[in-house]
Amino acid sequence: VDFDDGTGCGINTSMPIVVTVNSLPTPDVTGNLGICPASSTTLDAGAGFSNYDWSNGESTQTVSINTAGPYSVTVTDGNGCEGSEDVTTYDATPPNPTITGDSGFCPGETATMNAGGGYSSYSWSQGSSMQSITVSTTNTYSVTVSDSNGCTGSDSQDVVEFIPPMPPIISGGLSFCD
């Protein structure tokens, strides 16, 4: 390769020139995009970048968001290359479970209640984490469910033991015909 330094003197080198093409960094924003009422969500642009520039003015890897809307992050890697990603958060509707099933049981039997499907987690007042429970004690049972955004909702139901009526008391004599 010949180079001219502008004075007419050339430089001849047979050394190869190495050109490195760096790929652009690609942030991958993770976190729940749904924001539960009176709550916030955390967005994470991923580790390993030398600089973070969020559209809300933050300059950290993660940001806490409590308002629905569009957000973007531009990251810079160690080579000075930049990449960005846009996300949109939204106001999430909390779950509204409805307990269905038995509201009472006969002596020696049980009552089964169901909080409905489609939730991420269940927490019953008697300690179960299942969608349905079976009980044999008079009480008020409640359940709190969580959805994929981490929003929660609750419902409760009274369960009673049915007491069978007492047989009638017959006074006096009985007579039977043959």
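Reckoned from all heavy atoms, side chains included, excluding hydrogens, waters and symmetry mates. For the single chain, residues carry numbers from 1 onward in sequence order.
- For the pair E85 (side chain) and V87 (backbone), a donor-acceptor distance under 3.5 Å is absent.
- The two residues G104 and A111 make their nearest non-hydrogen contact at O-CB, 3.9 Å.
- Listed by first and then second residue, the ring pair (Phe, Tyr, Trp, His ring centres under 6.0 Å) pairs that reach into residues 122-166 are Y119-Y122, sequence neighbours excluded.
- Shown here are the side-chain contact (heavy atoms from CB on, under 4.5 Å) partners of S59, two or more places apart in sequence or in another chain: there are none.
- The side-chain hydrogen bond (donor to acceptor under 3.5 Å, both in side chains) analysis of residues 151-165, with sequence neighbours excluded, yields the pairs T140-D158, T144-S154.
- The CG atom of N56 lies 9.5 Å from the OG1 atom of T67; values are rounded to the nearest 0.5 Å.
- In this structure the side chain of L43 reaches within 4.5 angstrom of the side chain of L33, judged on heavy atoms.
- Under the side chain to side chain donor-acceptor pair (under 3.5 Å) criterion, E58 pairs with no residue at all, not counting sequence neighbours.
- Residues satisfying the side-chain contact (heavy atoms from CB on, under 4.5 Å) test with S64, not counting sequence neighbours, are S40.
- No donor-acceptor distance shorter than 3.5 angstrom exists from the side chain of T41 to the backbone of I65, with no hydrogens or angles considered.
- Between P25 and F49, the closest heavy-atom pair is CB-CE2, 3.4 Å.
- For residues 74-138, the set of pairs meeting the disulfide (SG to SG under 2.5 Å) definition, not counting sequence neighbours, is empty.
- S146 is linked by a side chain to side chain donor-acceptor pair (under 3.5 Å) to S121, counting only residues two or more places apart in sequence or in another chain.
- When all heavy atoms of S84 and T74 are compared, the closest pair comes out as CB-OG1, 3.6 Å.
- The heavy-atom pair separating S132 from N114 by the smallest distance is OG-ND2, 3.1 Å.
- Evaluation of the disulfide (SG to SG under 2.5 Å) test over residues 18-56, restricted to residues two or more places apart or in two chains, returns C36-C151.
- The line from CD1 of I99 to CD1 of I133 is 7.0 Å long, rounded to the nearest 0.5 Å.
- The nearest pair of heavy atoms linking V143 to A115 is CG1-CB, 3.9 Å.
- Among residues at least two apart or in separate chains, there is no ring pair (Phe, Tyr, Trp, His ring centres under 6.0 Å) pair with a member in residues 57-106.
- Atom OG1 of residue T93 and atom CG of residue D147 lie 9.0 Å apart, to the nearest 0.5 angstrom.
- Counting only residues at least two apart or on different chains, no side-chain hydrogen bond (donor to acceptor under 3.5 Å, both in side chains) pair has a member in residues 98-110.
- Among residues two or more places apart in sequence or in another chain, the side-chain contact (heavy atoms from CB on, under 4.5 Å) test is passed with D44 by T30, Q61, T62.
- Across all non-hydrogen atoms, the minimal contact from S39 to N66 is O-CB, 3.5 Å.
- Between the side chain of S125 and the backbone N or O of S142 there is at least one donor-acceptor pair closer than 3.5 Å.
- Here the CG-CG distance, from L24 to N79, works out to 10.5 Å after rounding to the nearest 0.5 Å.
- Partners of T112 according to the side chain to side chain donor-acceptor pair (under 3.5 Å) rule, which considers only residues two or more places apart in sequence or in another chain, are T134.
- One N or O on the side chain of S120 and one on the backbone of S148 form a donor-acceptor pair closer than 3.5 Å.
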